[in-house]
Amino acid sequence: MAKQLLVGNGFLVPFSSAEKLLEDGCLLIEGNLIQDIGITRLLQKRYPQSEFIDAGGGLIMPGLINAHSHLYSSLARGMPFGFAPPSNFLQILERLWWRLDRALDGEGIYYSALAGLIAAVRCGTTTIIDHHASPSCATGSLEAIARALKEVGIRGCLSYEVSDRHGSQSVREGIEENLRHLDWCQEHGEGMISGSFGLHASLTLSDDTLGECRDSVSGKEVGFHLHLAEDRTDVEDCHKKYGKTITSRLEEFGILGPKTIAAHCVQVTDKELDILGQTDTKIVHNPRSNMNNAVGAAPIARMWEKGLRPAIGTDGMGMNMILETYFAYLLHKHQSSDPRVLPPDQAVEMMVLNNSRVAGIFFAPKLGVIEVGNLADVIIISYDPPTEINTDNLFSHLILGLEDMRVTTTIVNGRVLMKEGRLLTVEEEKVRAEAKKISARIWQKMREI
């Protein structure tokens, strides 16, 4: 019989259709699945031999999902520029990110992943959908990240960013790394590690490369993970070279579809939104990154009006999904000068239910919702506000109570990764010490590129 674990004595927030909030809620985990839900004392009486984790009156929630991340950005924090600060998006790519990804080696890839995954555990992010690039060390890069995922215990979907910017050999290596990882997942993913096919963005992908990438996965049940219309530079490049919108170009190549993730979608027209909706392509919003790069604000309100349901990711700006959602909530009110835009219930739906739909492409049973039979990815958040929590104000608490929230316990696939603030799977101090040494070496290499 699989080990049984009760998590109770808290406000259970299942995000299911049956229940919005359960006071003194409790759930039973058996193996890697949620097997029962109810009141704490009743479940303790029903399962007296189970180990009990006390939420201490905090929030018991499904683990959070990051629908678009870049783990290698863990080594960018505090990085000195060493050159004139970039004044536009293309310069940000050329002077910062494309230098960093070229400087990455095997150690850098592995330890940046470990550092980012530790941050995820501490933020209650239990699933990441990652988009990787390391053109000087493409072969085996996803294997290094997968090793870090297994060591920390986080669930992840990985892809490698194919781009023309380093020539045909780099394109071939990127394609082969995606295909190798997809094959690896069939035998070794164990329901915890999955794959997609990574592409950079239209402006660094020729027609020949797009066609080659599409043809390489012909017959496979796989979609793509790419950046779409993040900045006007990408849009103008596509119009100049091909005389069409990015979305139209991608649709013609068969890149869009229900298994494809289109990150950003900032500079898109209404017609392009219609195409994304008709193809059921999954849109992922990244508000903090968009603000940091000064590329604009995605038309989130317009997406909702059209029946589209954007998910949310961090695009390398950490792993805190509640913080990311808080910024989305504020950004679109500010951008539209309308306080009614993106109310708390929509913002939370984007973070939880829309992200759950994206994760459902890669993982089964279901993630992101606490229901019997779903995967046991669960977090406890310490939260003791000065006001009442009830079904009517729950979403406002989740958005506006951020400063008083602290994730104390993180459980993934039924395994406790962090308990009462202490990581159980990796030695955090050793990882940080090694990452500091490696990041200094990577930064020096960046100066020489």
Side-chain angles (χ1 to χ4, degrees), residues 66-123 125 128-138 141-142 144-145 148-149 152 154 156 158-161 163 165-166 198 200-201 204 225 227 230-231 263-264 284 286-295 312-321 323-324 327 428 431-449:
N66 188 343
H68 177 69
S69 67
H70 296 292
L71 279 169
Y72 69 86
S73 70
S74 301
L75 298 187
R77 189 185 303 183
M79 181 168 53
F81 277 112
F83 42 76
S87 62
N88 58 52
F89 180 64
L90 188 57
Q91 287 183 3
I92 290 171
L93 294 178
E94 292 172 340
R95 297 183 185 180
L96 177 62
W97 297 112
W98 291 352
R99 287 173 182 255
L100 174 59
D101 64 34
R102 284 176 64 194
L104 286 170
D105 53 22
E107 270 195 324
I109 294 164
Y110 172 65
Y111 275 96
S112 64
L114 282 178
L117 294 170
I118 287 171
V121 173
R122 291 208 166 277
C123 294
T125 297
I128 65 162
I129 301 171
D130 199 65
H131 191 268
H132 178 70
S134 53
S136 301
C137 186
S141 58
L142 299 187
I145 300 172
L149 283 167
V152 178
I154 291 286
L158 308 179
S159 63
Y160 185 89
E161 171 193 290
S163 170
R165 64 182 183 268
H166 300 295
H200 176 238
T204 69
H225 186 172
H227 306 95
E230 184 175 359
D231 179 66
H264 300 293
V284 180
N286 306 273
R288 284 190 294 162
S289 172
N290 296 157
M291 294 167 72
N292 185 53
N293 291 333
V295 297
I312 189 164
T314 64
D315 191 45
M317 297 284 287
M319 284 288 171
N320 192 325
M321 294 310 301
L323 180 63
E324 194 71 35
F327 270 82
E428 185 173 3
V431 171
R432 289 186 185 279
E434 194 63 29
K436 285 177 181 177
K437 290 189 293 184
I438 291 169
S439 62
R441 176 169 55 76
I442 297 294
W443 293 357
Q444 181 58 41
K445 286 176 67 175
M446 287 178 65
R447 295 185 184 99
E448 298 166 1
I449 290 174

Can you check whether Arg102's main-chain N or O pairs, donor with acceptor, with Ser136's side chain at less than 3.5 Å? yes
Glu94 meets the salt bridge (Lys or Arg N to Asp or Glu O under 4.0 Å) criterion, sequence neighbours left out, with none
Decide yes or no for Cys137 and Ile109: does some side-chain heavy atom of the first lie under 4.5 Å from some side-chain heavy atom of the second? yes
Side chain to side chain, Ile128 and Met319, heavy atoms closer than 4.5 Å: yes
With side chain to side chain contact (heavy atoms under 4.5 Å, CB included) as the criterion, how do Asp130 and Leu149 come out once you've worked through the C-alpha distance, each side chain's angles and the decisive distance to 0.1 Å? CA-CA 11 Å; Asp130 199 65; Leu149 283 167; over 6 Å; no
Within a 6.0 Å radius of atom CZ on Arg441, are there more than 12 heavy atoms belonging to other residues, nucleotides or ligands? yes
Heavy-atom distance under 4.5 Å between the side chains of Val295 and His264, does that happen here? no
Work out which heavy atom in Ser159 is nearest to a heavy atom in Leu142; give both atom names and the distance. O-CD2, 3.7 Å
Quick one: do Glu448 and Lys445 make a salt bridge, cutoff under 4.0 Å? no
In terms of the angle between their ring planes, are His68 and His131 parallel, tilted or perpendicular, with boundaries placed at 30° and 60°? tilted
On a heavy-atom basis, which atom in Leu100 and which in Ala76 lie closest, and how many Å separate them? CD2-CB, 4.0 Å
Do Leu117 and Ile145 touch side chain to side chain, with heavy atoms closer than 4.5 Å? no
Could you pull out the closest heavy-atom pair between Leu75 and Ser112, with the gap in Å? CG-CB, 3.5 Å
Nearest 0.5 Å, what's the CD-CG distance between Glu230 and Leu93? 7.0 Å
How many angstroms lie between atom NE2 of His132 and atom CD of Glu161, to the nearest 0.5 angstrom? 9.0 Å
Check Gly318 against Asn66 and note the closest heavy-atom contact, atom names and distance. O-ND2, 4.0 Å
If I compare all heavy atoms of Val284 with all of Gly313, which pair ends up nearest, and what's the gap? CG1-N, 3.5 Å
When rounded to the nearest 0.5 angstrom, what distance separates CD in Glu324 from SG in Cys123? 11.0 Å
Say whether, by atom type as modelled, one donor and one acceptor occur between the side chain of Trp97 and the main chain of Ser73 under 3.5 angstrom. no
Asn292 side chain reached by Asp315 side chain, heavy atoms, under 4.5 Å: no
In the structure I gave you, are the side-chain heavy atoms of Ile118 and Ser74 within less than 4.5 Å of one another anywhere? no
Just to verify, what does Lys436 make a side-chain hydrogen bond (donor to acceptor under 3.5 Å, both in side chains) with, not counting sequence neighbours? none
All heavy atoms of Gly108 vs all of Ile438, minimum pair found to be CA-CG2, 3.7 Å
Close side-chain approach of Tyr160 to Ser141, heavy-atom, < 4.5 Å: yes
Looking at side-chain heavy atoms only, is the closest gap between Thr314 and Arg288 below 4.5 Å? yes
Arg99 side chain to Met446 main-chain N or O, any donor-acceptor pair under 3.5 Å? yes
Ring centers of His200, Trp98 separated by less than 6.0 Å: yes
Taking the side chain from Asn286 and the backbone from Ser289, do they hold a donor-acceptor pair closer than 3.5 Å? no
Nearest-0.5 Å distance, CG of residue Asn290 to CG of residue Asp231: 9.5 Å
